[in-house]
2 protein chains.
Amino acid sequence: MYRIGELAQRYQVKTDTLRFYDKQGLLTPLSRSASGYRIYTESDADRLRFILIAKETGFSLNDIAELLSIELDKANWACADVKAVVDSKLDNLTAKIAQLSNFKNALQRLSDACCGGPESAAHCSILENLESTEAAIRFEKRSH
Amino acid sequence: MYRIGELAQRYQVKTDTLRFYDKQGLLTPLSRSASGYRIYTESDADRLRFILIAKETGFSLNDIAELLSIELDKANWACADVKAVVDSKLDNLTAKIAQLSNFKNALQRLSDACCGGPESAAHCSILENLESTEAAIRFEKRSH
DNA sequence: CTTGACCTTGGATTAGACTCAAAGGTTATA
DNA sequence: TATAACCTTTGAGTCTAATCCAAGGTCAAG
């Protein structure tokens with residue numbers, strides 16, 4: 001059982017942020033004290049940890065809310081619905097990873113092409129090395 | 001040789017956006033017409049294509065500018081400098097991909113755990129399935 | 001009984017990336 | 001030669017996401 005300030009300090013966020021997450025339905029403590037103070041449990045802490053990590057991974061708060069809405073009342077979801085939501089996020093992630101990998105490969109080619117010495121970089125062309133990437137991405141898009 | 005409107009239409013961006021990219025130094029046409037119109041070449045088009053793709057891949061305009069600054073006057077860069085810039089971006093990408101993959105694995109586990117039928121989703125726990133991911137991410141961070 | 005943590009509501013801020021307005025000059029075509 | 005569609009500049013406005021702050025009030029611990 002933590003009060004807002006304790007939880008905030010533990011995870012290095014502002015109390016304002018926690019109140020904001022509450023308002024957004026991302027992290028609503030189960031109960032309040034008699035005087036209205038938010039009371040966070042260990043499972044709220046888990047949830048917060050998840051939020052912070054997901055955020056760092058690049059999910060927006062909206063995405064995260066969608067993912068967490070499953071957790072909130074699992075019993076009222078059908079297994080198939082959960083699978084659908086999750087699989088959709090999975091597709092996004094897969095596409096994103098592919099895109100990043102393409103870009104990474106292109107940069108890798110560029111890096112490899114550079115000798116790394118004090119010589120002029122006249123032959124290090126980003127645009128040149130990225131061409132095949134672009135083609136790959138364009139192809140991928142058509143296939144969706 | 002395109003005028004701003006032609007290039008804009010070709011890549012489905014606003015002319016305003018192209019002027020903005022010009023102002024930001026991201027895409028500055030080599031020359032102007034006698035009357036001051038921006039004149040874009042095919043290589044500017046390549047550059048724009050690169051910008052659009054990089055943007056979609058999640059790079060900020062600042063990142064992109066940094067990458068493209070190499071192209072602009074390659075001759076004045078040492079090979080080693082190019083390598084340094086590029087390798088830094090590569091590191092970012094590698095980390096990002098790892099993070100996304102972790103998350104993806106966790107979601108995959110969740111999806112697998114869901115039977116996908118009309119049954120209650122009481123046992124589909126995102127938080128549960130993400131625990132190992134969190135551990136992995138935390139570990140990764142410490143090692144930097 | 002003071003001080004600091006908490007509460008609420010409502011508005012301000014920040015960053016990034018545009019997007020528009022105003023006032024005018026240019027070019028293609030009927 | 002008119003007129004629409006294009007272009008120029010400067011400077012300001014918009015939008016979203018995610019906070020962050022302020023004012024005015026309540027609560028808890030020493």
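Predicted model, so just to flag it, every value in this text is computed and none were measured. Proteins get letters first, then strands, A, B, ... in listed order; numbering begins at 1 in each.
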Look for any protein N or O under 3.5 Å of an N or O in nucleotides 23-26 of chain D and output each such pair with its distance, or none.
none

**Item:** Positions of residues 9-22 of chain A (non-hydrogen atom under 4.0 Å from DNA chain C), listed by number
**Value:** A:Arg19

**Complete:** Contacted region of DNA chain C by chain B, from 5' end to 3' end of the hits, cut-off under 4.0 Å to heavy atoms, spans C:dA17 to C:dT27

**Request:** Give a yes-or-no answer on whether the side chains of B:Asp46 and B:Ser43 include a donor-acceptor pair shorter than 3.5 Å.
**Result:** no

**Asked** Do you reckon B:Leu48 sits in the same ILVMFWY cluster as B:Tyr37, going by side-chain contacts under 4.5 Å, direct or chained?
**Response** no

**Request:** Give a yes or no on whether B:Gln9 atom CD has more than 12 heavy-atom contacts from other residues, nucleotides or ligands under 6.0 Å away.
**Result:** no

**Message:** Between A:Thr57 and A:Phe59 (side chain of the first, backbone of the second, donor and acceptor by atom type, cut-off under 3.5 Å), is there such a pair?
**Reply:** no

**Message:** Between A:Thr94 and A:Asp91, do the side chains contain a donor N or O and an acceptor N or O under 3.5 Å apart?
**Reply:** no

**Item:** Spacing between A:Gln24 atom CD and D:dA17 atom P, to the nearest angstrom
**Value:** 10 Å

**Item:** Residue mapping more 5' on DNA chain C - nearest nucleotide basis, B:Lys23 or A:Arg3
**Value:** A:Arg3

**Request:** Show your reasoning for whether salt bridge (charged side-chain N to carboxylate O under 4.0 Å, His left out) applies to A:Asp112 and A:Arg109.
**Result:** CA-CA 5 Å; A:Asp112 292 347; A:Arg109 276 195 299 278; over 6 Å; no

**Message:** Donor-acceptor check, side chain of B:Ser88 to backbone of B:Ala84, threshold 3.5 angstrom: yes or no?
**Reply:** no

**Asked** Going hydrophobic residue to hydrophobic residue with side-chain gaps under 4.5 angstrom, can you get from A:Val13 over to A:Ile64?
**Response** yes

**Request:** Carefully, step by step, assess B:Lys96 and B:Asp63 under the rule salt bridge (charged side-chain N to carboxylate O under 4.0 Å, His left out).
**Result:** CA-CA 15 Å; B:Lys96 196 81 203 162; B:Asp63 284 333; over 6 Å; no

**Asked** Shared ILVMFWY cluster between B:Ile53 and B:Tyr11, side chains joined below 4.5 angstrom?
**Response** yes

**Item:** Separation of atom CD1 in B:Ile39 from atom C1' in D:dC7, rounded to whole Å
**Value:** 12 Å

**Asked** Rounding to a whole Å, what distance do you find between A:Ile51:CD1 and D:dA17:P?
**Response** 17 Å

**Request:** Starting at atom CZ of A:Arg38, determine the distance to atom P of D:dA28, rounded to an integer number of angstrom.
**Result:** 15 Å

**Request:** Indicate the atoms forming the closest heavy-atom contact of B:Leu18 with B:Ile4, along with that distance.
**Result:** CD1-O, 3.6 Å

